[in-house]
Protein chains: 2
Amino acid sequence: MKLKLYEKLFHELERAIKDGVLRAGERLPSIRQTCRTRQLSVTTVTRAYLQLESQGLVDSRPQSGYFVRARQAEPASEPLLPSTPPGTSTDVDVSQLVLSTLKSIRSRRAVPLGSPYPDPSLFPWLRVHQQIGGIAKRLRDERSVLDDLPPGNPELIRQIARRHLESGLAADPGEVIVTAGATEAINLCLQAVARPGEIIAVESPTYYAMLHAIERMGMRAVEIATDPHEGIDLGALARAIERQSVAACMVMPNFQNPLGFMMSDEKKRELVALCTRHGLPLIENGVYNELYYGEAPPSTLKSFDTQGLVLHCNSFSKSLTAGVRIGWALPGRYRQEVERLKFLNTLSTPTLPQLGVAEYLKNDGFEHHLRRVRQTLAQQADIMRSMVRRFFPEHTRLSRPQGGYVLWVELAPQVDTMALYREALERGLTIGPGRMFSTSNAYGHFMRLNFSYAWSPEIEAGVIELGRMAAAMSGRNAP
Amino acid sequence: MKLKLYEKLFHELERAIKDGVLRAGERLPSIRQTCRTRQLSVTTVTRAYLQLESQGLVDSRPQSGYFVRARQAEPASEPLLPSTPPGTSTDVDVSQLVLSTLKSIRSRRAVPLGSPYPDPSLFPWLRVHQQIGGIAKRLRDERSVLDDLPPGNPELIRQIARRHLESGLAADPGEVIVTAGATEAINLCLQAVARPGEIIAVESPTYYAMLHAIERMGMRAVEIATDPHEGIDLGALARAIERQSVAACMVMPNFQNPLGFMMSDEKKRELVALCTRHGLPLIENGVYNELYYGEAPPSTLKSFDTQGLVLHCNSFSKSLTAGVRIGWALPGRYRQEVERLKFLNTLSTPTLPQLGVAEYLKNDGFEHHLRRVRQTLAQQADIMRSMVRRFFPEHTRLSRPQGGYVLWVELAPQVDTMALYREALERGLTIGPGRMFSTSNAYGHFMRLNFSYAWSPEIEAGVIELGRMAAAMSGRNAP
């Protein structure tokens with residue numbers, strides 16, 4: 001693969017540092033100078049320098065420039081602490097907040113740090129559109145709704161099963177049910193396993209789409225303590241199950257939104273075993289599974305399930321294009337009920353998007369494209385972490401994502417990120433306020449930042465501005 | 001507009017009868033003879049003759065041919081009687097039956113008399129696909145999910161409001177919420193106005209999609225006596241409201257599925273007034289509104305509503321193409337809640353189908369196309385009524401549809417149309433068994449027939465076969 005200009009520069013400087021051409025404490029050529037000498041843009045050079053910084057190779061000193069660092073294992077930043085939710089179940093009422101937040105993010109002028117969606121330019125949505133366009137014009141025989149009644153288009157289902165197989169899950173095509181995005185999949189699976197008023201165990205913090213499903217059905221949530229690196233606390237979950245009647249558990253084991261962790265295989269196995277011992281249905285949200293930074297795809301909870309208790313939910317919205325609204329469920333022993341509920345909820349999934357995605361998947365460019373996306377996101381995670389460390393107040397705590405494209409940021413306890421959100425919006429900036437991720441107010445001083453958009457002067461200016469606002473609100477100074 | 005061959009023949013023979021060239025009791029040239037003399041196909045000639053029969057101009061006599069009839073106001077057939085449901089509310093559990101029925105209808109070999117969908121060849125789905133195809137290839141800027149968050153694509157919403165305006169309803173575009181077909185619209189509206197366990201008043205018989213919505217939410221249904229020509233019995237509805245706590249009322253005032261009636265404007269006004277007096281939300285299903293046989297579009301309940309209590313649900317599935325799954329709601333005072341529920345249920349509606357339908361509507365071919373569809377369906381209603389009268393046992397009762405494309409048929413009480421359905425299926429025939437249309441077993445000897453498919457020898461053979469089976473089951477002979 002051809003290296004981009006900034007990557008080439010990064011590798012040259014990295015080599016210079018590793019080879020000792022540049023030694024600890026020495027100053028790098030200024031950005032301006034490098035632009036001139038190499039005929040590169042400010043954006044390109046800055047991106048390379050930020051990546052050097054994120055890799056712990058250089059430090060930036062305000063007004064002075066970038067200096068080669070003494071080697072050390074880990075860049076200095078405060079790690080996040082495990083969450084400690086109250087353990088009692090609560091009604092859920094977050095959707096109006098989330099909807100109004102998303103609507104405000106819709107404005108294209110707003111720097112999209114608060115967006116829940118990945119930068120579309122990363123994805124081959126145009127190829128999918130072209131497939132849909134081609135099929136739309138070729139199709140001479142009207143496909144009636146009857147053809148694509150649940151479970152969905154057979155070729156798409158086959159491609160989905162094939163994709164799972166490539167990631168190490170031998171999914172039965174007969175189990176797949178195509179849905180209107182993961183949102184509908186989660187809704188249907190939850191409705192299949194629990195009744196209104198019943199209690200659902202979730203991670204703390206948890207992805208708000210899971211809270212929405214609970215809210216929509218009039219169920220209650222109990223938030224379980226969650227380690228920001230290892231995932232849900234199995235001891236706390238076991239105690240919650242013993243203390244109260246829990247109807248189901250809902251988690252995102254890989255690259256959890258907002259924390260970014262990946263549960264270990266051992267822990268995944270234990271979680272499935274715990275739920276199996278209690279006969280508890282386990283809803284797995286796998287929408288970020290394709291966006292791993294490591295060498296191999298992450299395992300699914302589903303792959304450790306022998307009893308059909310895991311209901312796996314997924315979609316192409318985070319790996320291909322969100323506009324087609326194609327998701328799916330692998331509902332285990334609840335398959336028939338989920339199919340019936342799909343039929344009741346939206347009858348069927350639109351034909352052309354199903355055919356278009358199936359055709360795209362058949363043509364095998366997906367994996368190639370995803371390799372690039374994964375590499376890009378891993379780099380941008382480093383860059384965003386580095387920017388936040390530089391421009392935010394001291395003692396700001398950060399997640400360390402292992403996949404996906406969101407960073408979870410803890411500010412000083414006195415900062416109200418809802419107020420920060422509103423203030424930022426007036427300046428054309430958005431964030432994901434922490435309150436969206438919990439039914440309690442535990443994350444009122446947290447926020448989620450989207451780093452899928454490529455570094456740009458506007459985004460850096462946005463992060464600087466947010467850091468300044470956070471500092472003002474916390475009464476501390478930025479470093 | 002250019003007349004089709006069968007229409008030309010029909011008009012010539014009609015004139016010959018009206019002018020007295022052919023007199024009452026005289027025999028028409030045989031079908032075979034006419035084919036030969038006019039160089040027409042059997043299909044064309046038969047269709048013209050059936051239309052003459054359906055207009056009451058000729059009678060067919062088995063083994064003898066067609067004879068000019070003495071003029072009379074109304075062809076002889078037993079009218080349907082008003083329904084008399086029990087008046088108590090019941091749990092709803094019809095979806096598994098409907099899903100398995102639809103799946104069996106999916107087989108293309110089956111003569112689609114049981115299909116709930118109109119013949120796709122009537123509709124300009126190809127033009128819509130071409131619009132989608134063109135947009136898919138033109139779109140250079142990925143439209144993110146954010147752009148089409150509820151309420152939906154602004155241009156599509158404007159076109160929907162314009163279409164309502166042309167039909168006499170001054171709908172506020174700000175009230176429109178785009179949904180995944182009318183199915184989702186009805187679900188969201190019902191969830192906005194009632195809670196699980198509450199009672200919903202419906203027509204008897206009622207369209208099963210309305211029962212599905214009630215079933216999905218764990219609500220209860222009370223069926224209200226319904227006149228096959230005038231619609232829901234307002235006295236019975238008032239008594240039901242007084243007797244028990246009814247949370248909402250759900251009706252299909254125009255071309256009701258399965259009865260085919262259109263409520264009069266006066267009765268619509270009274271129904272809205274009754275619900276308003278009781279503060280009762282009124283969900284209106286308008287999916288067949290475009291398929292009227294009369295001169296002007298039917299009025300909506302919504303147009304008589306001054307309090308925002310009518311929630312109008314609609315879609316393009318029955319007038320344009322079902323495969324796009326585009327519907328909408330005009331939820332009155334419940335607008336904000338329905339928008340929130342849409343967001344929770346499926347997040348947003350796919351982009352390309354929304355844009356494709358909006359583009360099609362902009363280009364103004366819709367009304368022209370619909371005029372032809374309406375005329376065709378009105379003729380085919382006559383033909384199907386005529387065939388059933390001819391080939392079914394005596395005392396079979398028929399609806400007289402004023403729009404749409406379904407006929408409701410009452411057989412002898414001892415006929416079980418579920419058994420008939422299963423037996424017919426083995427012969428490649430489908431029907432809509434009456435049991436799908438009620439929570440009680442009141443319609444176990446009824447069935448619904450789809451007449452949107454153009455007359456063909458296969459369809460006629462299917463009707464003959466069904467008539468024979470019904471006769472065998474009722475122990476009577478076909479006439």
Side-chain angles (χ1 to χ4, degrees), chain A residues 95-96 98-99 102-103 105-106 115 117 120-121 123 125-126 129-130 132-137 139-140 142-150 180-181 183-184 187 191 195-196 209 212-213 215-216 218 317 321-326 339-341 343-353 356, chain B residues 95-96 98-99 102-103 105-106 115 117 120-121 123 125-126 129-130 132-137 139-140 142-150 180-181 183-184 187 191 195-196 209 212-213 215-216 218 317 321-326 339-341 343-353 356:
Chain A
S95 63
Q96 204 62 62
V98 175
L99 179 57
L102 295 186
K103 280 186 166 184
I105 291 170
R106 171 160 45 180
S115 172
Y117 303 106
S121 75
F123 296 100
W125 58 269
L126 187 60
H129 278 190
Q130 282 167 344
I132 293 174
I135 291 164
K137 297 195 165 180
L139 217 58
R140 277 292 166 276
E142 156 83 328
R143 320 232 346 145
S144 96
V145 171
L146 289 172
D147 294 307
D148 293 313
L149 275 186
T183 304
E184 190 183 39
N187 278 324
Q191 187 171 1
R195 301 274 81 80
H212 289 168
E215 176 180 342
R216 169 177 166 279
S317 298
T321 161
V324 292
R325 312 293 314 126
I326 300 282
E339 180 183 87
R340 191 183 68 89
L341 291 170
F343 174 62
L344 292 185
N345 196 44
T346 50
L347 192 56
S348 68
T349 305
T351 308
L352 287 174
Chain B
S95 64
Q96 204 62 61
V98 176
L99 179 57
L102 294 186
K103 280 187 166 183
I105 292 171
R106 171 159 48 181
S115 171
Y117 303 106
S121 74
F123 297 100
W125 58 270
L126 187 61
H129 279 191
Q130 282 167 343
I132 292 175
I135 290 165
K137 296 195 163 177
L139 217 60
R140 277 291 166 276
E142 157 81 329
R143 322 229 347 144
S144 95
V145 172
L146 289 172
D147 293 307
D148 293 312
L149 276 185
T183 304
E184 190 183 39
N187 278 323
Q191 189 172 359
R195 301 276 79 81
H212 289 167
E215 177 179 340
R216 169 178 166 277
S317 298
T321 160
V324 293
R325 312 294 313 126
I326 300 283
E339 180 183 89
R340 189 182 70 87
L341 291 170
F343 175 62
L344 292 185
N345 196 45
T346 50
L347 192 56
S348 68
T349 305
T351 308
L352 288 174

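Each chain gets a letter, A, B and so on, in the order the sequences are listed, and its residues count up from 1.
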*Compare every heavy atom of A/N187 with every heavy atom of B/N345, then report the nearest pair and how far apart it is.*
O-ND2, 3.0 Å
*How many angstroms lie between atom NZ of A/K137 and atom NE2 of B/H129, to the nearest 0.5 angstrom?*
12.5 Å
*Is any side-chain heavy atom of A/R340 less than 4.5 Å from a side-chain heavy atom of B/E215?*
yes
*Do B/L102 and A/L149 have side chains that get closer than 4.5 Å, going by heavy atoms?*
yes
*List the steps, then state whether side chain to side chain contact (heavy atoms under 4.5 Å, CB included) holds for B/L347 with A/R325.*
CA-CA 9 Å; B/L347 192 56; A/R325 312 293 314 126; 3.3 Å; yes
*What is the distance from atom CG of B/L344 to atom CD of A/Q96, rounded to the nearest 0.5 Å?*
9.0 Å
*Between B/V98, B/T349, B/L341, B/I135, which residue shows the highest count of heavy-atom pairs closer than 4.5 Å to chain A?*
B/V98
*Select, from B/G181, B/G218, B/S95, B/A180, the one with the greatest count of heavy-atom pairs under 4.5 Å involving chain A.*
B/S95
*asked:* Under the criterion side chain to side chain contact (heavy atoms under 4.5 Å, CB included), I'd like the reasoning laid out for B/L352 against A/L352: C-alpha separation, chi angles, the key distance, then a yes or no.
replied: CA-CA 9 Å; B/L352 288 174; A/L352 287 174; over 6 Å; no
*Can you check whether B/R216's main-chain N or O pairs, donor with acceptor, with A/Q191's side chain at less than 3.5 Å?*
yes
*Set of residues satisfying side chain to side chain contact (heavy atoms under 4.5 Å, CB included) with respect to B/P150, sequence neighbours excluded*: B/E339, B/K342, B/F343, B/S348
*Among B/V324, B/I132, B/I326, B/L99, who wins on heavy-atom pairs under 4.5 Å with chain A?*
B/L99
